[in-house]
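Notes for the one structure printed next.
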Amino acid sequence: MSTRSLQGKDVKPLDTIPEDKKVKVQRTQSGFDPFEKPAGQVKRVHSENNACISSKSAASGKESPKLRRHSSPSSPTSPKFGKADSYEKLEKLGEGSYATVYKGKSKVNGKLVALKVIRLQEEEGTPFTAIREASLLKGLKHSNIVLLHDIIHTKETLTLVFEYVHTDLCQYMDRHPGGLHPDNVKLFLYQLLRGLSYIHQRYILHRDLKPQNLLISDTGELKLADFGLARAKSVPSHTYSNEVVTLWYRPPDVLLGSTDYSTCLDMWGVGCIFIEMIQGVAAFPGMKDIQDQLERIFLVSHCENVLNPT
C-alpha cells in the first residue's frame, strides 16, 4: 500500500491502523453515538402536539386514542357551562323579593356553587339590579370579591352562578355574641377595606354594605357580595338615588336626601360594621323610620339639637 506525505511526514491510511486502535479513532471522529427514541416515546410526542399519526395506526385505519380525544367534539349530552342542566340544586339558602338562592353543585367540575335564580316577569323583563350585578361582577376578579362563575338565561329565569361561601358576617356574629375577638376584627376589617379599595379604584360604589353582604369562608376569607345596588361612578350621571344602603348603615347626608355622594358612602358603612364587630350589636339600629335613624346617629355624635333646634 502506498503512503501519502504531509509536510514531510508519512501518514498511513485509516485501513492500515490496527483494529484495537481503529475503534478508538472511529469513535473520536464520529463524536457521539446517534440517539434513537423508542417508538412509543415518539408516538407520545406526536400525540400531545396533535402533529401527526404514526404510520402503523394510519395503515390499520385506527386513530390514536389521544388524537381522538383532541380532535373529536364533546358529546352533546355532556354538561357545559351556560346550561341550566349543568348544575344540581342541593338546598334552598334564602329568598328575596325577586330572587331565590340555592346551594348547588356543578356537573362540569363537581364544585359547590351558589345559584341566584332571578324570576323574570313577562311584562317587566329582567330586573335592572340583576343586569347591573352581572355586568359589574364579570369584570371584577379579586380574592375579596365574590366570584361570578356563570350566567344562565332562560325564558323564565336568569341564574347567576357564584362560588359557594358557607356563611356571612351576620351569621358569624350571631354565633359569637358579645363581639368578635380583636384579631378576627382586624382580619375581617382589613379584607373589607382591601376589597373596597379594589372596586373604588375602578370607580365602582357598592352602595349596600352590611354584614349580610359580606361572605365568610371556612378559612376566614371575607368576600364582598350582592352588587345589585352597586354603581359605576364613571358612568355620566349628575345625581344618584338616595334609596341605597340598608337604613342602619346609611350615612346621615344620604338620610337627609343627598344624591351627590362618592366613596364616603361605603366608608360610613365600613365604620358601622367595624363598631358592630367590636361590640356585638349594631351601631345605629333605627327601629322606625329615617327620623328615628337620624336621632340615633346625632345622639351618639352629641348633635341632639340638629333635628329639634330650640
Side-chain angles (χ1 to χ4, degrees), residues 96-99 101 114 116 118 125-151 153 158-163 165 168-170 186-217 221-277 283-284 290 293 297:
S97 56
Y98 73 98
V101 180
K116 187 174 184 178
I118 302 164
T126 306
F128 74 92
T129 52
I131 298 174
R132 181 180 292 170
E133 182 173 23
S135 62
L136 289 176
L137 283 174
K138 281 178 66 177
L140 299 178
K141 307 296 179 185
H142 191 273
S143 59
N144 297 121
I145 307 292
V146 68
L147 180 61
L148 177 64
H149 282 309
D150 201 0
I151 301 174
H153 184 253
L158 176 68
T159 302
L160 305 182
V161 183
F162 296 97
E163 62 176 317
V165 186
D168 59 48
L169 183 58
C170 182
K186 292 178 184 177
L187 175 67
F188 293 150
L189 183 62
Y190 170 75
Q191 294 181 87
L192 172 56
L193 291 172
R194 190 165 173 256
L196 270 183
S197 175
Y198 176 80
I199 65 172
H200 286 172
Q201 287 175 7
R202 286 153 181 79
Y203 306 102
I204 296 174
L205 306 178
H206 188 281
R207 303 202 306 175
D208 196 17
L209 285 181
K210 56 184 178 181
Q212 292 90 336
N213 291 341
L214 303 178
L215 307 180
I216 306 292
S217 72
E221 194 171 40
L222 181 144
K223 296 177 182 290
L224 275 70
D226 200 341
F227 281 70
L229 290 178
R231 182 72 179 267
K233 195 168 174 58
S234 57
V235 176
S237 177
H238 297 291
T239 59
Y240 296 103
S241 170
N242 63 346
E243 296 297 325
V244 292
V245 187
T246 304
L247 200 62
W248 291 3
Y249 308 95
R250 196 180 302 176
D253 56 334
V254 178
L255 287 169
L256 290 169
S258 173
T259 57
D260 183 16
Y261 49 76
S262 184
T263 54
C264 58
L265 173 75
D266 288 337
M267 293 309 299
W268 175 273
V270 170
C272 294
I273 293 170
F274 179 36
I275 294 172
E276 191 168 348
M277 286 193 292
F284 310 111
I290 292 177
Q293 185 68 27
I297 294 173

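This chain uses plain numbering: 1 for the first residue, then up along the sequence. These values consider heavy atoms only, across backbone and side chains, with no hydrogens, waters or symmetry-generated copies.
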Practice task
Tell me, with the steps shown, if W248 and K210 meet side chain to side chain contact (heavy atoms under 4.5 Å, CB included).
Solution key: CA-CA 9 Å; W248 291 3; K210 56 184 178 181; over 6 Å; no
Practice task
For the residue pair Q201 and S197, establish whether any side-chain heavy-atom pair is separated by less than 4.5 Å.
Solution key: yes
Practice task
Check step by step if side chain to side chain contact (heavy atoms under 4.5 Å, CB included) holds for L140 and R202.
Solution key: CA-CA 9 Å; L140 299 178; R202 286 153 181 79; 4.1 Å; yes
Exercise for the section: For L214 and L224, run side chain to side chain contact (heavy atoms under 4.5 Å, CB included): C-alpha distance rounded to whole Å, both residues' side-chain angles, the deciding distance at 0.1 Å, then the answer. Expected result: CA-CA 5 Å; L214 303 178; L224 275 70; 4.1 Å; yes
Problem - Over all atoms of both residues, closest heavy-atom pair of C272 and A283 - result: O-CB, 4.3 Å
Handout entry: Main-chain N/O of L265 paired with H206 side-chain donor or acceptor, under 3.5 Å
Key = no
Practice task
For the pair F188 and I216, evaluate side chain to side chain contact (heavy atoms under 4.5 Å, CB included) and give the outcome as yes or no after the intermediate values.
Solution key: CA-CA 9 Å; F188 293 150; I216 306 292; 3.8 Å; yes
Practice task
Considering non-hydrogen atoms only, spot the tightest contact between L136 and A232 and give its length.
Solution key: CD2-CB, 4.3 Å
Handout entry: Side-chain donor/acceptor of R207 to backbone N/O of L229, under 3.5 Å
Key = yes
Problem - Nearest heavy-atom neighbours spanning I145 and G195 - result: CD1-O, 3.9 Å
Handout entry: Test item: S143 and R194 side chains (from C-beta on) under 4.5 Å apart, heavy atoms
Key = yes
Exercise for the section: Inspect the surroundings of NZ in K141 and state if more than 12 heavy atoms from other residues, nucleotides or ligands are less than 6.0 Å away. Expected result: yes
Practice task
Go through the structure and list residues passing side-chain contact (heavy atoms from CB on, under 4.5 Å) with V270, not counting sequence neighbours.
Solution key: L189, L192, L193, L196, L209, M267
Completion exercise
The salt bridge (Lys or Arg N to Asp or Glu O under 4.0 Å) partners of K223 (sequence neighbours excluded) come to E163, E221
Practice task
Sequence neighbours left out, what passes ring pair (Phe, Tyr, Trp, His ring centres under 6.0 Å) with Y198? Give chain and number order.
Solution key: H142
Exercise for the section: Please answer whether the main-chain N or O of N213 pairs with a side-chain N or O of D168 as donor and acceptor at a distance below 3.5 Å. Expected result: no
Problem - 4.5 Å side-chain heavy-atom contact, F162 and V101 - result: no
Exercise for the section: Would you indicate whether the side-chain heavy atoms of I151 and L160 approach each other to under 4.5 Å? Expected result: yes
Practice task
Could you tell me whether a side-chain N or O of E133 sits under 3.5 Å from a main-chain N or O of F227, the two making a donor and an acceptor?
Solution key: yes
Exercise for the section: Please name the pair of heavy atoms, one in A230 and one in I204, separated by the smallest distance, quoted to 0.1 Å. Expected result: CB-CG2, 4.4 Å
Problem - Q293 (side chain) donor-acceptor with F284 (main chain) under 3.5 angstrom - result: yes
